[in-house]
Engineer: 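The structure follows.
Lettering of chains follows the sequences in order, A, B, ..., and the numbering in each one begins at 1. Keep in mind that what you see is a predicted model, and the values were worked out from it rather than measured.
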Protein chains: 2
Amino acid sequence: MNIEEQLKKAFDPYFEAPIEIWKHFASLCELIYYKKNEIIKEAHRADRYGYFLLEGSVGQFVWKENNFICLDLFLENSFFADDISLMSGKPSAMQIVALEKSSVLRLSRSNIEKLKQTPMGAMLFMIGDQNAYAEKQKQQIEFMTKTAEERYRELMKSKPEILQRISQKHIASYLGITTQSLSRIRRKKD
Amino acid sequence: MNIEEQLKKAFDPYFEAPIEIWKHFASLCELIYYKKNEIIKEAHRADRYGYFLLEGSVGQFVWKENNFICLDLFLENSFFADDISLMSGKPSAMQIVALEKSSVLRLSRSNIEKLKQTPMGAMLFMIGDQNAYAEKQKQQIEFMTKTAEERYRELMKSKPEILQRISQKHIASYLGITTQSLSRIRRKKD
DNA sequence: CAAAAAAGTTACCATAGGGTAATAAAGCAT
DNA sequence: ATGCTTTATTACCCTATGGTAACTTTTTTG
């Protein structure tokens, strides 16, 4: 599958934009490859890019005491960014890291602005932003209404491939617990 | 202060739109009054409105075990909605409640769509959505990197009026703890 | 204003999850 | 492959927070 088809397919569940839009989108991007554990966006720097993950996996992290904890995980065909830095133009605490060998489309802020000036482009970003918010709110509800063990079992059911591909260290911090606690949960039954 | 000035002033920190836009915005809204504890949007219903809080305070809740826990709190001059239901058109678990006597501007989905068709309107909603996402992410970082006690002290510092105006029951659940735990924290020193 | 309801406090014990540390297992590099 | 580094497991004890329950204070409402 070529890149514009991949973009279209990833976005279609939310809004079906014609393939020409995605050709235009892709034409404004750079294609970048990252090795496992390579830093895509360093903590306490500014970043003026949005990204689309073609292959691999990526995590958003912030520092807590003595390690990075994971705010969100992305698998291929997802949009991701350090939205706070991208919006404000200022440095943010977030670090973004490739968790597997990954290929990524990178779109600069100025090209984002260009895209937003077309009606269809504006629509895409609006829907993307709304969706990001909705996902974050769902994540909050999971956090506030379920135990770590319930969140683990939920994740196991809904995205089992994450458990195969991402190290438990990251999954544990994503679930809001230590690797020891995750081990304890996994031991019970699996 | 009249309504359009109030709208403009609330939004200006993010993007300075001309007052005419806000007149147009206000003209598409209904003004509604709620009593303390009145339900603005009931859990497990759909809601096709966005809201702007002129006076009072409002909370977003979801059910957990035997009570409603608070996902977010709003004071006057904030936009709020059940975004998930508003986006999807479908029922959602969220309940929205006036926590004090409140006055609210209510904007229907169809009028939101109308506004979004103007370039300036599209801009406003885009910025609003981005901002909502950024706030939610900040809230997540607070949750994942700080203890309940730290979150309480932080809230005390950043929005002390909340502690005066909102019942501890709601503040406790907003902080992710029980009222007993909040009492214990408050006892320490205050 | 008085009675009733709701909210807040305190104490008790229970439990999920954290911190340290030792060990085992897996992944990576020469 | 062989060692070196990182990750995962397990055990130990510790702490923050939860649940129940009794009591007090505040708020609501007839």
Engineer: According to a 4.5 Å side-chain heavy-atom criterion applied to Ile, Leu, Val, Met, Phe, Trp and Tyr, with indirect links allowed, do A:Ile96 and A:Tyr34 form part of one hydrophobic cluster?
Structural biologist: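 Linked, A:Ile96 and A:Tyr34 end up in one cluster.
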
Engineer: Taking atom types as they are modelled, is there a donor-acceptor pair under 3.5 Å from the base of C:dT20 to the side chain of A:Gln180?
Structural biologist: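 By the distance-only test, yes, there is a pair.
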
Engineer: A:Glu149 has an atom CD; how far is it from atom P of C:dT15, in whole Å?
Structural biologist: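 Interatomic distance, CD of A:Glu149 to P of C:dT15: 14 Å.
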
Engineer: Using whole Å, report how far NE2 of B:His170 lies from P of C:dG8.
Structural biologist: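 Between P of C:dG8 and NE2 of B:His170: 9 Å.
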
Engineer: How many whole angstroms separate atom CZ of B:Phe68 from atom P of C:dA6?
Structural biologist: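 It is 15 Å, rounded to the nearest whole Å.
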
Engineer: Nearest whole Å is fine: how far is C:dC28 C1' from A:Lys35 NZ?
Structural biologist: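 For the pair A:Lys35 NZ and C:dC28 C1', the rounded distance is 13 Å.
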
Engineer: What's the CD-P distance between A:Gln168 and D:dT10, to the nearest Å?
Structural biologist: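 Roughly 11 Å, once rounded to whole Å.
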
Engineer: Would one find a side-chain N or O of B:Lys36 under 4.0 angstrom from OP1 or OP2 of D:dT28?
Structural biologist: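 Checking D:dT28 against B:Lys36, a side-chain N or O does come within under 4.0 Å of OP1 or OP2.
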
Engineer: Only one of B:Phe74, B:Phe11, B:Phe125 passes ring-ring contact (aromatic ring centres under 6.0 Å, His included) with B:Phe79; say which it is.
Structural biologist: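 Of the listed options, the one satisfying the test is B:Phe11.
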
Engineer: Looking at C:dA11, I'd like to know if its phosphate oxygens (OP1 or OP2) sit under 4.0 Å from a side-chain N or O belonging to B:Arg187.
Structural biologist: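 For B:Arg187, the contact criterion (side-chain N or O under 4.0 Å from OP1 or OP2 of C:dA11) is met.
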
Engineer: Charged N to carboxylate O below 4.0 Å: is that the case for B:Lys138 and B:Glu142?
Structural biologist: no

Engineer: Among side-chain atoms of A:Arg184 and A:Ser181, is any donor-acceptor pair under 3.5 angstrom?
Structural biologist: yes

Engineer: For D:dG18, does OP1 or OP2 lie under 4.0 Å from any side-chain N or O of B:Thr178?
Structural biologist: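 Yes, within the criterion.
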
Engineer: Between atom NZ in B:Lys169 and atom P in D:dT26, what is the gap in whole Å?
Structural biologist: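 Interatomic distance, NZ of B:Lys169 to P of D:dT26: 17 Å.
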
Engineer: Atom CD of A:Glu65 and atom P of C:dG19: how far apart are they, to the nearest Å?
Structural biologist: 6 Å

Engineer: With nearest nucleotide decided by heavy atoms, which residue, B:Ala148 or A:Ser181, maps closer to the 5′ end of DNA chain D?
Structural biologist: A:Ser181

Engineer: Quick check on DNA chain D: between B:Thr147 and A:Asn37, whose nearest nucleotide comes earlier from the 5' end?
Structural biologist: A:Asn37

Engineer: Closest-nucleotide mapping onto DNA chain C: is A:Arg184 or B:Ser167 further toward the 5' terminus? I mean the 5' end.
Structural biologist: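 Final value for this comparison: B:Ser167.
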
Engineer: In whole angstrom, what separates B:Arg186's CZ from C:dA11's P?
Structural biologist: 16 Å

Engineer: Using a cut-off of 4.0 Å on non-hydrogen atoms, how would the nucleic acid contact of B:Glu150 be classed: base, sugar-phosphate, or nothing?
Structural biologist: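 It contacts nothing in the nucleic acid.
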
Engineer: Is it the case that the side chain of A:Glu38 and the backbone of A:Ser102 share a donor-acceptor pair, with hydrogens and angles ignored and the cut-off at 3.5 Å?
Structural biologist: no

